[in-house]
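Not measured: the values here are computed from a predicted model. Just so it is clear: chains get the letters A, B, ... in the order the sequence lines come, proteins before strands, and each one is counted from 1.
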Number of protein chains: 2
Amino acid sequence: MSDLTLEDIARQAGVSRSTVSRVVNGQPNVSDKVRNRVLDVIQNTGFHPNAAARTLASQRSWTLGLLLPHSVSFFFTDPYYPHLTKGIAQACNQYDYTLALFLVGTKEDEDKIFPRVSRKGLLDGVIVQSGHHGDQSIIGRLVDANMPLVVAGRPFRFDNVSYIDIDNIQAAYSAVRHLIGLGYRRIGTISGPVSSTVGIDRKEGYLKALAESSIPFDESLVAEGDFTESGGYAAMQSLLPAGPDAVFAASDIMALGAIRAVREAGLRVPEDVAFVGFDDLPLAALSNVQLTTVHQPVVQFGIKAVEVLIDLVENGIAPPRHVIMDTELVVRGTCGASLRR
Amino acid sequence: MSDLTLEDIARQAGVSRSTVSRVVNGQPNVSDKVRNRVLDVIQNTGFHPNAAARTLASQRSWTLGLLLPHSVSFFFTDPYYPHLTKGIAQACNQYDYTLALFLVGTKEDEDKIFPRVSRKGLLDGVIVQSGHHGDQSIIGRLVDANMPLVVAGRPFRFDNVSYIDIDNIQAAYSAVRHLIGLGYRRIGTISGPVSSTVGIDRKEGYLKALAESSIPFDESLVAEGDFTESGGYAAMQSLLPAGPDAVFAASDIMALGAIRAVREAGLRVPEDVAFVGFDDLPLAALSNVQLTTVHQPVVQFGIKAVEVLIDLVENGIAPPRHVIMDTELVVRGTCGASLRR
DNA sequence: TTCAGAATTGGGAGCGCTCCCAAAAATTAT
DNA sequence: ATAATTTTTGGGAGCGCTCCCAATTCTGAA
């Protein structure tokens with residue numbers, strides 16, 4: 001039982017509180033003899049220092065917060081979030097930090113949670129998953145509160161903020177280039193919401209690729225999805241009359257919904273409509289489609305976010321750090337690459 | 001900025017530290033005049049009491065831990081976990097607790113995390129998602145450490161532990177009864193791993209329903225899945241030669257994989273093979289199958305777990321509390337109910 | 001008007017650590 | 001051998017709160 005204190009251990013080991021503290025924290029300048037004696041006592045008492053006392057005295061909590069704002073519903077429909085959470089949780093564990101999770105859905109949630117995430121004494125720093133318009137408020141408040149902060153995803157404003165992201169424009173561009181290279185010309189897209197940076201950026205990459213190949217932009221080939229399976233399904237139904245021969249979907253889960261719509265319409269993938277998705281989550285390979293998709297390193301993304309945040313905590317928040325991670329096109333079945341060549 | 005302390009606020013409001021503390025904690029016995037004066041100062045300084053100091057002094061952290069052991073990989077393949085997490089996170093927020101998340105995959109993870117979850121001063125209590133053999137070790141250690149603890153899912157041993165669960169046997173039983181009632185006789189099952197309580201219990205319910213209707217048990221109609229889509233797919237492939245006319249799958253996600261296998265084999269759902277799943281996650285209704293399934297109240301389950309844990313924290317861990325939540329069969333398309341009658 | 005009793009307020013002690021500085025012990029140089 | 005360093009050890013102060021008890025102020029009944 002850990003109702004023991006440093007003082008108890010000190011008494012049992014016949015040393016002082018300070019020495020035990022040094023041993024516990026792995027500090028030098030303790031003789032081996034004493035260190036081992038203390039270590040023994042700790043070992044067989046099962047002592048663990050009190051976290052609150054340590055935090056109070058050291059002004060460090062060794063706890064990081066993960067804030068998932070306005071994405072509470074997505075958290076369950078899009079496997080992206082669980083994967084990101086996994087990476088972050090793993091990294092926290094690796095670096096001996098504790099992870100506090102905050103799902104904030106409404107403005108009231110935000111107000112209720114803000115005091116807890118902004119206050120020192122609970123969290124050393126915060127990772128905010130962002131990319132949505134509505135997330136900017138909490139980011140601004142966190143910046144004002146001077147909290148060490150890493151945004152996962154490019155924020156809308158606040159370029160004085162550290163963030164880590166992928167190059168969505170470039171990634172989408174290369175996905176669509178791939179389709180063009182395979183000979184498709186009526187290429188549609190199911191974009192993310194225009195209220196999100198990823199929605200905007202991935203669509204921009206799509207447009208850029210078309211423009212570069214002088215393929216005229218056809219508005220009827222663009223539908224906005226919401227990063228859900230059913231959203232992809234609905235978007236595809238609105239696209240079908242325009243007769244696309246290929247579709248770039250801004251997420252795997254939307255691609256899956258879209259493919260379902262295509263098949264229900266009696267068409268084949270990729271023979272009638274080819275697909276490229278985005279994310280490369282396990283479901284892309286598992287599903288009855290072999291989805292060609294843009295791989296983004298979700299787990300590593302989370303790990304990197306933690307690393308940057310710890311850097312901020314330990315070395316100060318200025319200047320802001322910006323990390324762009326690499327993506328890669330993974331060619332599987334749905335783009336029809338094997339048919340065309 | 002919250003580098004302010006109680007003392008600062010006290011000075012500004014012309015009262016004592018104790019009075020500010022009373023106001024902050026909503027205690028009675030403060031005159032309205034003084035209370036409002038203090039409240040004003042707090043308001044326009046943006047003061048928040050230091051969490052670590054409060055924890056140290058009160059021996060309560062207002063933080064709960066959620067431990068997802070041996071399920072790190074499931075966390076992403078089975079949407080059940082994100083949903084559970086959502087319920088727990090929501091409830092924590094509602095009751096003004098902070099949620100700390102621990103994903104433990106390996107034995108090393110467990111050892112690394114254990115000191116943090118068991119030690120007072122960080123967590124007031126812990127929720128452990130369980131049901132797997134491998135989870136018992138950490139549960140035992142937590143019990144020994146005298147930590148307020150709620151197990152989500154029936155644990156294997158430790159009936160001196162509080163848990164909350166659904167009646168898996170009964171739920172599976174009624175699902176299979178439904179199939180029998182529709183006239184199916186070669187009913188197979190894709191069970192969960194026998195290393196999990198849900199795997200065991202849901203299979204038991206299946207067997208019970210068969211026995212009650214004097215349908216002989218045919219071993220070739222039972223396949224063990226692993227709660228993944230691909231596991232369900234593989235299990236179904238091994239079931240197909242036995243010619244089932246209906247299948248009870250122990251989770252929705254496995255049912256989806258199984259349905260994919262059936263369709264790839266050129267058979268129809270529910271005409272050739274009917275299905276009942278388990279969970280009733282959104283994907284059951286969204287998917288291109290309209291999955292008949294056992295609804296379990298995942299989010300409420302999480303909320304209940306938090307409520308029980310808070311009860312434990314505030315009123316002592318003895319006697320252990322046991323809560324069994326209701327399930328309900330949701331009839332959609334895949335069981336063929338509409339065809340048969 | 002006076003005083004018991006209730007309501008309010010203030011301050012000390014303490015929660016269990018870290019950090020700093022001074023004291024003690026061990027080491028090396030003279 | 002002694003003096004000058006260096007290494008190790010101990011203890012005080014303090015982190016910012018809560019909790020308890022005593023001091024003060026306010027009631028209203030005698």
On the six-membered ring of A:Phe114, is A:Arg141 placed so that its NZ or CZ lies under 6.0 angstrom from the centre and within 45° of the ring axis? yes
Grab the [atom1]-[atom2] distance between [X] and [N] for me, whole Å please.
X: A:Leu6; N: C:dG14; atom1: CG; atom2: P; value: 18 Å
X: B:Arg60; N: D:dC19; atom1: CZ; atom2: C1'; value: 15 Å
X: A:Asn29; N: C:dA26; atom1: CG; atom2: P; value: 15 Å
X: A:Glu7; N: C:dG14; atom1: CD; atom2: C1'; value: 13 Å
X: A:Ile42; N: C:dC17; atom1: CD1; atom2: C1'; value: 14 Å
X: B:Arg54; N: D:dC15; atom1: CZ; atom2: C1'; value: 16 Å
X: A:Leu56; N: D:dT18; atom1: CG; atom2: P; value: 12 Å
X: B:Phe47; N: D:dC17; atom1: CZ; atom2: C1'; value: 9 Å

Mark yes or no for a side-chain to base donor-acceptor pair under 3.5 Å between B:Arg17 and C:dT9, with no hydrogen or angle criteria applied. no
Does the side chain of [X] come under 3.5 Å of the side chain of [Y] through a donor N or O and an acceptor N or O?
X: A:Arg116; Y: B:Thr98; answer: yes
X: B:Arg321; Y: B:Asn315; answer: no
X: B:Gln12; Y: B:Thr45; answer: no

[X] side chain: which of [options] is closest?
X: A:Ser58; options: C:dT9, C:dT18, C:dC15; result: C:dT18
X: A:Val34; options: D:dT9, C:dG11, C:dC17; result: D:dT9
X: A:Arg22; options: C:dT18, C:dC19, C:dC20; result: C:dC20
X: B:Gln59; options: D:dC15, C:dC15, C:dC17; result: C:dC15

Are any of [X]'s side-chain N or O atoms less than 4.0 Å away from OP1 or OP2 of [N]?
X: A:Thr19; N: D:dT9; result: no
X: B:Thr5; N: D:dG16; result: no
X: A:Ser21; N: C:dT18; result: yes

So, are A:Asp8 and A:Arg11 salt-bridged, with charged N and O less than 4.0 Å apart? yes
Please work out if B:Ser18 contacts a base, only the sugar-phosphate, or nothing of the nucleic acid, heavy-atom cut-off 4.0 Å. base
In terms of the nearest nucleotide of DNA chain C, which residue is placed more toward the 5' end: A:Gln27 or B:Ser31? B:Ser31
Of A:Asn50 and B:Val15, the one whose nearest nucleotide on DNA chain C sits closer to the 5' end is B:Val15
